[in-house]
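Throughout, residue positions are numbered sequentially from 1 according to the sequence presented.
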Amino acid sequence: MKLKKYLLHLYFKARNTKLVWEFLNGKAIDMLAKNKPSLDGEQKRIIEEIKRTGIAVTTLDTFFPNQNLLQKLVDYSKTLHPEEAEQGKKLYLKKYWDRYPVFNLNNPFLKLTLEKRVLDIANEYMGMWTKLKYYDLAMTLPVPAGADAVQSQRWHRDPQEKKIFKMFIYLNDVGDDAGPFYYVVESNDDGKYGELFPQKTPEGIYVKEEDLLKKISSENIKKMTAPAGTVIFCDTSGIHKGGYATKNERLMFTSFFTSISFKEEPAYKLNSDSKESLPLSPEAKFSIAL
């Protein structure tokens, strides 16, 4: 077992080197080069901030003006039945969908995720056309006073790739007691702290708070207490944590994009419509990771 883990570690380390990464993702890199998007000021700002710091923040109203998307998303979430959904291993989360939800563009969260405006940012940051690996809506539940932080409530890096792109949307106001998202600025692959507490692929790595604070000033930690409608774009190969709620709940949507070199199966299922028949942009059709 130890030998198998060691060999896997070597494999992922080699796969994430610049030369191998570019070779394995050559097709997707070429697709972006041949289809460079026309970006507006807000998109350019977001991309520049993610490249520089690993994280950028906007709002639904700013990014999708005059669409009243927050209310539409909240209203849709109220039609769902989380008590009927398959729940995962994170006991502090209440999932609103099964682990492998059926792909359906009537779902406004999925429709928003595949908007070209979102994909342009994911693709520009990753340097290639990306694949959508999962989308998830979950309520973070408060934990008992003094409970130990577990799983992604602890500081960690997502282990899968040298670059990972996620979008988070807060559906309610998130204060200190609702499990806000935290991120170590410039801990993404190209950042100042990109080699601090490096990824341990494929099993991942968790960092103790006291060890982190010995290396990182609190000024370099971004705490995302923010109102409903906040949109967070970030690279979660960087050091981050979240979901340790002590009093109030947090309802948050997550979507996850990777390179084509990440071979894990997507966590959703297409319905009877084929990719070709769905009313999607070429970038979105490419992104459906099937």
For the residue pair Phe109 and Ser255, establish whether any side-chain heavy-atom pair is separated by less than 4.5 Å.
no

Grab the two heavy atoms, one from Phe253 and one from Asp136, that are nearest each other, plus how far apart they are.
CD1-O, 3.1 Å

Judged by atom type as modelled, is there a donor-acceptor pair below 3.5 Å linking the side chain of Thr53 to the main-chain atoms of Glu49?
yes

A side-chain contact here means heavy atoms from C-beta on lying under 4.5 Å apart; do Val143 and Val150 qualify?
no

Over-ring placement of Arg117 relative to Phe63, 6.0 Å and 45° cut-offs:
yes

Val20-Phe23 co-clustered via ILVMFWY side chain contacts under 4.5 Å:
yes

Applying the side chain to side chain contact (heavy atoms under 4.5 Å, CB included) test to Trp155, which of Ile216, Leu213, Ile239 qualifies?
Ile239

Donor-acceptor contact below 3.5 Å, side chain Ser287 vs main chain Ala284
no

Verdict with supporting geometry, Ile55 and His240, side-chain contact (heavy atoms from CB on, under 4.5 Å):
CA-CA 10 Å; Ile55 185 170; His240 64 287; over 6 Å; no

Could you check Phe181 against Thr230 for side-chain contact (heavy atoms from CB on, under 4.5 Å), going step by step and ending with a plain yes or no?
CA-CA 12 Å; Phe181 181 75; Thr230 296; over 6 Å; no

Without hydrogens or angle criteria, can the side chains of Asp235 and Ser237 be said to hold a donor-acceptor pair below 3.5 Å?
yes

Output field: ring centroids Trp97/Tyr135 closer than 6.0 Å:
yes

Cluster question for you: counting only ILVMFWY and a side-chain heavy-atom cut-off of under 4.5 Å, with indirect links fine, are Val174 and Val231 together?
no

Ser261 backbone acceptor or donor facing Arg15 side chain under 3.5 Å:
yes

Counting only N and O atoms by type, is there a donor-acceptor contact under 3.5 Å from the side chain of Gln199 to the main-chain atoms of Ile205?
no

Within the side chain of Arg45, is there an N or O that forms a donor-acceptor pair under 3.5 Å with the backbone of Ala56?
no

Asn25 CG to Lys131 NZ distance, which is reported to the nearest 0.5 Å:
11.0 Å

For Lys95 and Gly88, indicate whether the former's side chain and the latter's backbone hold a donor-acceptor pair under 3.5 Å.
no

May I ask you to check if Lys166 and Phe256 form a cation-pi contact, with NZ or CZ under 6.0 angstrom from the six-membered ring centre and within 45° of the axis?
yes

Examine Tyr244 and Leu141 and state if one hydrophobic cluster contains both, with Ile, Leu, Val, Met, Phe, Trp and Tyr joined whenever side-chain heavy atoms are less than 4.5 Å apart.
no

Quick one: are Pro142 and Thr246 in side-chain contact, heavy atoms under 4.5 Å?
no

With a 4.0 Å cut-off, would you call Lys36 and Glu124 a salt bridge?
yes

Are any of the side-chain heavy atoms of Thr140 and Leu93 separated by less than 4.5 Å?
yes

For Pro180 and Arg250, work out which heavy atoms get closest and say how close.
C-NH1, 4.0 Å

Residues, nucleotides or ligands: over 12 heavy atoms within 6.0 Å of Lys34 NZ
no

Closest heavy-atom contact between Tyr76 and Asn106?
CE1-O, 4.1 Å

Test item: Asn248 and Asp173 side chains (from C-beta on) under 4.5 Å apart, heavy atoms
no

Phe286 vs Trp129 aromatic rings, parallel, tilted or perpendicular, using cut-offs 30° and 60°?
perpendicular

Backbone of Glu86 reached by a side-chain donor or acceptor of Asp98 within 3.5 Å
yes

Is the closest side-chain heavy-atom distance between Ser77 and Leu171 below 4.5 Å?
no

Are side-chain heavy atoms of Phe64 and Thr62 found at a separation under 4.5 Å?
no

From CE (Met128) to CH2 (Trp21), nearest 0.5 Å:
4.5 Å

Straight-line distance of Lys90 NZ to Gln153 CD, nearest 0.5 Å:
8.5 Å

So among Lys162, Arg157, Lys51, which one has a salt bridge (charged side-chain N to carboxylate O under 4.0 Å, His left out) with Asp189?
Lys162

Would you give the length of the straight line joining atom CD1 of Ile46 to atom NZ of Lys44, rounded to the nearest 0.5 angstrom?
13.0 Å

Taking the basic N atoms (NZ, or NE/NH1/NH2) and the acidic carboxylate oxygens, is any pair closer than 4.0 Å for Glu22 and Lys18?
yes

Decide whether Thr130 and Asn123 meet the rule of one side-chain donor and one side-chain acceptor closer than 3.5 Å.
yes

Cluster check Tyr182, Met224: I/L/V/M/F/W/Y, side chain < 4.5 angstrom:
no

Test salt bridge (charged side-chain N to carboxylate O under 4.0 Å, His left out) on Glu209 and Lys241 and set out the steps.
CA-CA 11 Å; Glu209 182 100 10; Lys241 68 174 183 175; 3.0 Å; yes

Would you confirm whether Glu115, through its side chain, and Leu112, through its main-chain N or O, come within 3.5 Å as a donor-acceptor pair?
no

The reported gap from OG in Ser218 to NZ in Lys223 (rounded to nearest 0.5 angstrom) is 10.5 Å

In the single-linkage hydrophobic clustering (I, L, V, M, F, W, Y; side-chain heavy atoms under 4.5 Å), do Met252 and Tyr96 co-cluster?
no

Closest heavy-atom contact between Glu249 and Ala178?
O-CB, 3.8 Å

Would you say Lys27 has more than 12 foreign heavy atoms packed within less than 6.0 Å of its NZ?
no

Measure from NZ or CZ of Lys222 to the centre of the six-membered ring of Tyr183, then state whether that distance is under 6.0 Å and the direction lies within 45° of the axis.
no

Heavy atoms of other groups near Glu210 CD, more than 12 under 6.0 Å
yes

Are any side-chain N or O atoms of Tyr193 and backbone N or O atoms of Asn220, one a donor and one an acceptor, separated by less than 3.5 Å?
no

Nearest heavy-atom approach of Leu132 to Leu114 is CD2-CD2, 4.1 Å

Sidechain-backbone polar pair: Asp120 side chain, Leu39 backbone, donor-acceptor under 3.5 Å
no

Please work out whether the ring planes of Tyr206 and His156 are parallel, tilted or perpendicular, with thresholds of 30° and 60°.
tilted

Given the ring of Tyr125, does Lys163 sit roughly above its face, with NZ or CZ under 6.0 Å from the centre of the six-membered ring and within 45° of the axis?
yes

Mind running side-chain contact (heavy atoms from CB on, under 4.5 Å) on Ile232 and Met167 for me, showing each step along the way?
CA-CA 6 Å; Ile232 304 166; Met167 177 177 70; over 6 Å; no

Considering only heavy atoms from C-beta outward, does the side chain of Leu280 approach that of Ile288 to under 4.5 Å?
yes

Under 3.5 Å, is there a donor-acceptor pair between the Glu161 and Thr258 side chains?
no

Under 3.5 Å, is there a donor on one side chain and an acceptor on the other for Thr225 and Tyr170?
no

One pair to check against side-chain contact (heavy atoms from CB on, under 4.5 Å): Phe197 and Asp211. What are the steps and the verdict?
CA-CA 10 Å; Phe197 305 113; Asp211 292 338; 4.3 Å; yes

Nearest heavy atoms of Ile29 and Gly127, plus distance in Å:
CG1-O, 3.6 Å

